[in-house]
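A short write-up of the structure that comes next.
Along the sequence shown, residues carry numbers from 1.
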Amino acid sequence: MTNRNPPYSGPPGAGPGFGYGPPPPPKRNGKKITLVGLGVFAVLMAIAATIGSRVNAPTATVAAAPVTPVATSAPGSTAAQASATPRALKYSEDVTITACAPNDIGYAAAQVVVTNHSSKPSNYLVTIAMESKDGRTQIGTGVVMVSSLAPGQSSPQEADALRDAPAGGYVCRIADITRYAA
């Protein structure tokens with residue numbers, strides 16, 4: 001009787017039954033990766049173009065806009081904030097609005113100081129509302145995030161509405177404060 005199967009002639013050390021080497025590498029979908037990369041690049045370019053157009057805008061209109069600064073009347077509260085805040089906010093003693101004026105590129109903004117009055121490190125998420133002087137129109141909101149603020153420490157922050165400041169001025173108020181353990 002003759003052997004109908006020829007002798008194995010594969011790579012040394014890998015005889016019949018051991019396979020024929022490592023499996024082929026997985027196929028990569030280069031088109032998906034390229035499209036996602038182009039999408040991210042397009043979004044970043046659009047953001048840069050928007051910011052660039054704001055930076056090159058004339059500053060005379062921003063400087064001419066009358067803005068009502070918020071004067072601090074007591075730690076954690078302001079005169080305008082007290083009249084505009086519809087409810088008492090938990091942790092309001094930890095957040096103070098120190099200024100309510102457009103930033104360098106003309107967006108409505110508020111300067112805020114967050115102070116940790118607790119005995120443990122805390123994280124804060126603060127929402128600042130920028131509104132018309134009569135309180136009927138919300139211009140925008142800015143968010144301040146502070147992480148791992150040690151007890152007794154303060155952190156000055158800027159909350160931007162990412163919208164142009166109105167020509168008639170605006171007021172700022174604390175809309176929400178969330179504090180949780182770091």
> Considering all heavy atoms of both residues, which atom of H117 and which atom of E93 are nearest to each other, and what is their separation?
Replying inline: CE1-O, 3.1 Å
>> As an exercise, state the distance from OG1 of T115 to CG of L149, rounded to the nearest 0.5 Å.
In response: 7.5 Å
>> Testing the basics here: between S154 and V113, what is the closest heavy-atom pair and its distance to 0.1 Å?
In response: CB-CG1, 4.0 Å
>> I need the Y91 OH to N116 CG distance, nearest 0.5 Å.
In response: 10.5 Å
> Mind checking whether R179 and N123 have side chains closer than 4.5 Å, heavy atoms only?
Replying inline: no
>> Which heavy atom of E131 sits nearest to which heavy atom of G135, and what is that distance?
In response: OE1-CA, 4.1 Å
>> Holding to side-chain contact (heavy atoms from CB on, under 4.5 Å), I want the full list of residues that pass it with A108, two or more places apart in sequence or in another chain.
In response: M130, I139, A161, A165, Y170
>> When you compare the side chain of I97 with that of I128, does any pair of heavy atoms fall below 4.5 Å?
In response: yes
>> For a quick check under 3.5 Å, do Y124 and D94 share a side-chain donor-acceptor pair by atom type?
In response: yes
> Do you know which two heavy atoms are closest between A175 and L89, and how far apart they sit?
Replying inline: O-CD2, 3.8 Å
>> Hydrogens and angles aside, do E158 and Q111 bring a side-chain donor and acceptor to less than 3.5 Å of each other?
In response: yes
>> My understanding is that only residues two or more places apart in sequence, or in another chain, count here; which of them pass side chain to side chain donor-acceptor pair (under 3.5 Å) with T141?
In response: none
>> Between N103 (side chain only) and I105 (backbone N and O only), is there a donor and an acceptor less than 3.5 Å apart?
In response: yes
> With distance as the sole test, does S122 use its side chain to make a donor-acceptor pair with the main-chain N or O of A181 at under 3.5 Å?
Replying inline: no
>> Please give me the minimum heavy-atom distance between S118 and P151, naming the atom from each residue.
In response: O-CB, 3.3 Å
> Say you draw a straight line from OH of Y107 to CG of L162; how long is it, rounded to the nearest 0.5 Å?
Replying inline: 6.0 Å
>> So, using side-chain contact (heavy atoms from CB on, under 4.5 Å) as the criterion, who are the partners of A150 when residues are at least two apart?
In response: Q153
>> To check you understand the geometry: which heavy-atom pair defines the closest contact between T98 and V112, and what is its length?
In response: OG1-N, 4.2 Å
